[in-house]
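Shown next, in structure tokens, is the structure this report addresses.
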There are 2 protein chains.
Amino acid sequence: VSPEEFRQAGHQLIDWIAEYRSSLESRPVRADVAPGQVAAALPAEPPTGLHTMDELLADLDRVVVPGMTLVQHPMHYGWFPSNASLASVLGDIASSGLGGLGISWESCPALTEVEEVVCDWLRQLTGLTEQWSGTIHDTASTACLVALLAARERATDHSQVRGGLAGVARPPVVYSTAQAHSSVRKAALLAGFGQDNLRIVAEDPATHAMEPAALARSMADDAAAGRTPGAVVATVGTTGTTAMDPVAEIVEVAAAQRAWVHVDAAMAGSAMLLPEHRHLWHGVEGADSVSWNPHKWMGTILDTSLFYVRDVEHLVRVMSTNPSYLQSNADGEVVQYRDWGVPLGRRFRALKLWFHLRLDGVDAIRDRIRRDLANARWLAEQVEAHPDWELVAPVPLQTVCVRHRPAGLDGEALEAHTMGWVDALNRSGRAYLTRSMLDGSWMVRVSIGVESTERHHVEALWALMTRVAAEQLAGARS
Amino acid sequence: VSPEEFRQAGHQLIDWIAEYRSSLESRPVRADVAPGQVAAALPAEPPTGLHTMDELLADLDRVVVPGMTLVQHPMHYGWFPSNASLASVLGDIASSGLGGLGISWESCPALTEVEEVVCDWLRQLTGLTEQWSGTIHDTASTACLVALLAARERATDHSQVRGGLAGVARPPVVYSTAQAHSSVRKAALLAGFGQDNLRIVAEDPATHAMEPAALARSMADDAAAGRTPGAVVATVGTTGTTAMDPVAEIVEVAAAQRAWVHVDAAMAGSAMLLPEHRHLWHGVEGADSVSWNPHKWMGTILDTSLFYVRDVEHLVRVMSTNPSYLQSNADGEVVQYRDWGVPLGRRFRALKLWFHLRLDGVDAIRDRIRRDLANARWLAEQVEAHPDWELVAPVPLQTVCVRHRPAGLDGEALEAHTMGWVDALNRSGRAYLTRSMLDGSWMVRVSIGVESTERHHVEALWALMTRVAAEQLAGARS
């Protein structure tokens, strides 16, 4: 494909994308395909010959689009918002077109320095002080792994340059609540801590937030038993219910044990764009690392996960690699992002944020987040006011956790009913919700925050939920 | 940005990219900016208000482009090829436009299943048998980390679900040569093995390939000393000189110790598209994992690193996470790629490969790789025939490693001369080469393989090298 052919095909593709994004609301939210159906529509053997852009676009329509669950559909309330604002898509296209190779400052100075500047803009926009330095990881899972690696090495006085964890006398321990994201446990296991050195700290039964006193007791027990309290992951906006671990108190407890505090604000970070919400991570300045995902609610397209640390020197000591073929005359004067994370090569991800902030504007992004918060409050009020529905957790952000629980329905019947109505609703293709376990029972998360979701969509969802749940109940009883 | 605004801005951007990619040859290869210069051209404070696409494009021209080292320039011979074929750029744009969210099969069935199919196409195209299952990681660094985590858990009987590495009686050991990529050491340290459990196996002094007998001795010594031989990383195409570790013999040695064999073919994998080159990884079918980067020589835009394993069940056991909010009715029938790597969320990367293979065509990709191999042979012949130049390593692929070494020049003077002429050549902006250490001395790598690099470019490079090196020598002596 020559630049001239690219120009032609690119225009076709841009038009196709514009059409596709305009059409979302008219399509079913959930992919309506059976396992294996997409694969079966493709040839089992590699393509031969040359294909045209028309053929590719026809295959996108025929094979790919029916297999998409539309997370940018205004009736998508599943998982967490995964906005892919078209402003940021333009930045992503610019990144692809430029084809920059980020393996060192020298291999693409602009890639490194725009990332430095843009991460600093987001630092300012979320009210973090100048002590923080940022980079972009793919996801918060990776950010958490990097944080726990940094914590592991601090807790073991850099065991990796000696005998590794196998040579450590006092094994380091990681603390979080049962509400922490599954990536916390995964990161701890991958980093070699081991399941036996992973503590589930008690949470407040009403708010599902970590109990600092329980954390202090657990840490003291471990220290007394010959282990090293290594890291606490404090979640600001848990995946289940957007619970808020109390960062200031956790930081204080952790400081007494010199444990690393990683603040996982993957979801709630977007709310920190609003000064009135920053109390939710009060104490964050005392943490060691913070991550949050503009690719969720804020809406910069995946993969855009911000990661800030205070002690860059320590991070680089843990993550660095400096082979001869990457050494350059600028070493020492520049940032080498390869030493801030796992991969050597990186894309020019900062352009997504740069375009998003400038083409959509910070004010509009803030207004949208305030709109979603108001919509969630509205829905929570409807749920609370309805005798057959219950809110199962506080609503500090935009996720409303509910059960349909008419009088007399409980135990296994309630579990089956919850699974039943949410599956029926999702199958309808008219909206999409996520079910999740809380305290051993299924509940349903309504996660508001798609760019195009307006109040009338939330009203339509509420009508749909009440209707489908009632029908499900009637069907089960008939 | 609405779909209609996106359409307008997208057309502008496509035209801008087409112009940019057409203009590469007329630009200096290396970014001509000082450290901090790009950052200084951007506002220190976040943008306010709304900006137009015209302003963004003007800033790309003013700030970003001068800060790009042009790895798609036909006179770029640095590091390894980092082609970003415009066919794959179109696939990347489609991926961005679709905005798929890959956190489970259900969140985007097409994302998962197209990845399965396309990875299988590449398996067939490189002659691997059906025992291999593939996925796409961001980079070979991440693939290596995943491989070493899988190896660690096999060697320690899944220590991660008990006390982790700190509870292991016989620490696992990792083996590679000094020519292995820096990401191997990094991955071993991050995975917790520790520097003391990392062995540098002797290499053949002429070919820089691993000595299987030395590997066998080293493994036996470790086993006798109470350690567990855990993993061997065999490199097919090392970064320094594209040396080829003998996979078949390594597999045989490792099998005796039940050690995991990871084949890092990041660079050479592209050559496996050619049946006549597959002898270079002879024995690969006995390895446990293989990775290679279409985003290098083959030219699918970064980040596209293929990773194949034989024992998917083991990999998933090590990497899996299955929280309630991600469980779906399709579990058990589908692939969940979140359990094959570190990040939970993934982009729709398979489209880059799909578009690349179909729009450029496999035949054309193979022809281009053969062209580059012939160009490298031609350059190697010139170097060998010239009395003042030497080839410092065999040329099994497309990288030619050289020194300019006129009679009488050696020791510190030779080192200074090598550094001097390559820096002068790179500063000129007319071509770009990478210097690298080999056996304690600087040498220069000429890595051929940019899509647009034709024979006349290699001829021009050879003329430039000989002239700049001679000038440098004359300048140093005057």
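Chain naming here is simple, since letters A, B, ... match the order of the sequence lines and numbering starts at 1 in each.
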Checking [X] against chain B: side chain, backbone, both or neither under 4.5 Å from a heavy atom?
{"X": "A:L13", "value": "side chain"}
{"X": "A:V114", "value": "both"}
{"X": "A:F193", "value": "backbone"}
{"X": "A:D423", "value": "side chain"}
{"X": "A:D15", "value": "both"}
{"X": "A:L302", "value": "both"}
{"X": "A:L57", "value": "neither"}
{"X": "A:A34", "value": "backbone"}
{"X": "A:T239", "value": "side chain"}
{"X": "A:T139", "value": "side chain"}
{"X": "A:L359", "value": "both"}

Can you say whether [X] sits under 4.5 Å from chain A via the side chain, the backbone, both, or neither, judging by heavy atoms?
{"X": "B:A94", "answer": "both"}
{"X": "B:F348", "answer": "side chain"}
{"X": "B:L198", "answer": "neither"}
{"X": "B:R338", "answer": "backbone"}
{"X": "B:T112", "answer": "neither"}
{"X": "B:S436", "answer": "both"}
{"X": "B:I301", "answer": "side chain"}
{"X": "B:L70", "answer": "neither"}
{"X": "B:L50", "answer": "both"}
{"X": "B:D138", "answer": "side chain"}

If only atom types and distance count, is the side chain of [X] paired as donor or acceptor with the main-chain N or O of [Y] below 3.5 Å?
{"X": "B:D360", "Y": "A:V1", "result": "yes"}
{"X": "A:W121", "Y": "B:P43", "result": "yes"}
{"X": "B:N197", "Y": "A:G163", "result": "yes"}
{"X": "A:E333", "Y": "B:G36", "result": "no"}
{"X": "A:T69", "Y": "B:E106", "result": "yes"}
{"X": "B:K186", "Y": "A:M319", "result": "yes"}
{"X": "B:R152", "Y": "A:L190", "result": "yes"}
{"X": "B:D196", "Y": "A:G164", "result": "no"}

Margin query: Restricting to non-hydrogen atoms, name the atom on A:S182 and the atom on B:T321 that form the minimum distance, rounded to 0.1 Å.
Written below: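 What the structure gives for the nearest pair is CB-OG1, 2.9 Å.
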
Next item on the list: Mind listing the closest non-hydrogen atom pair of B:V334 and A:P35 along with its distance?
Entry: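 Looking at all heavy atoms of both residues, the shortest contact is CG1-CB, 3.4 Å.
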
Notebook entry, point to check: Looking at B:V118, B:L357, B:L125, which one forms a side chain to side chain contact (heavy atoms under 4.5 Å, CB included) with A:P47?
Noted result: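 Going through the options one by one, the only one that passes is B:L357.
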
Margin query: According to salt bridge (charged side-chain N to carboxylate O under 4.0 Å, His left out), does anything in residues 36-48 of chain A pair up with another residue at least two apart or in another chain? List the pairs.
Written below: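 Output for this query is empty, none listed.
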
Checklist line | 4.5 Å side-chain heavy-atom contact, B:L60 and A:F355 | finding: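 When only atoms from C-beta onward are counted, A:F355 and B:L60 do touch, with a gap below 4.5 Å.
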
Checklist line | Counterpart residues, side-chain contact (heavy atoms from CB on, under 4.5 Å), relative to A:E113 (two or more places apart) | finding: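 For A:E113 the side-chain contact (heavy atoms from CB on, under 4.5 Å) partners, ignoring immediate neighbours, are A:W105, A:E116, B:V38, B:A39.
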
Next item on the list: Just give me the residue among A:H181, A:H137, A:E5 that pairs up with chain B most often, heavy atom to heavy atom, under 4.5 Å.
Entry: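 The answer is A:H181.
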
Next item on the list: Mind ranking A:I17, A:N426, A:V33 by heavy-atom pairs under 4.5 Å with chain B and telling me who comes out on top?
Entry: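 The residue among A:I17, A:N426, A:V33 with the greatest pair count is A:I17.
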
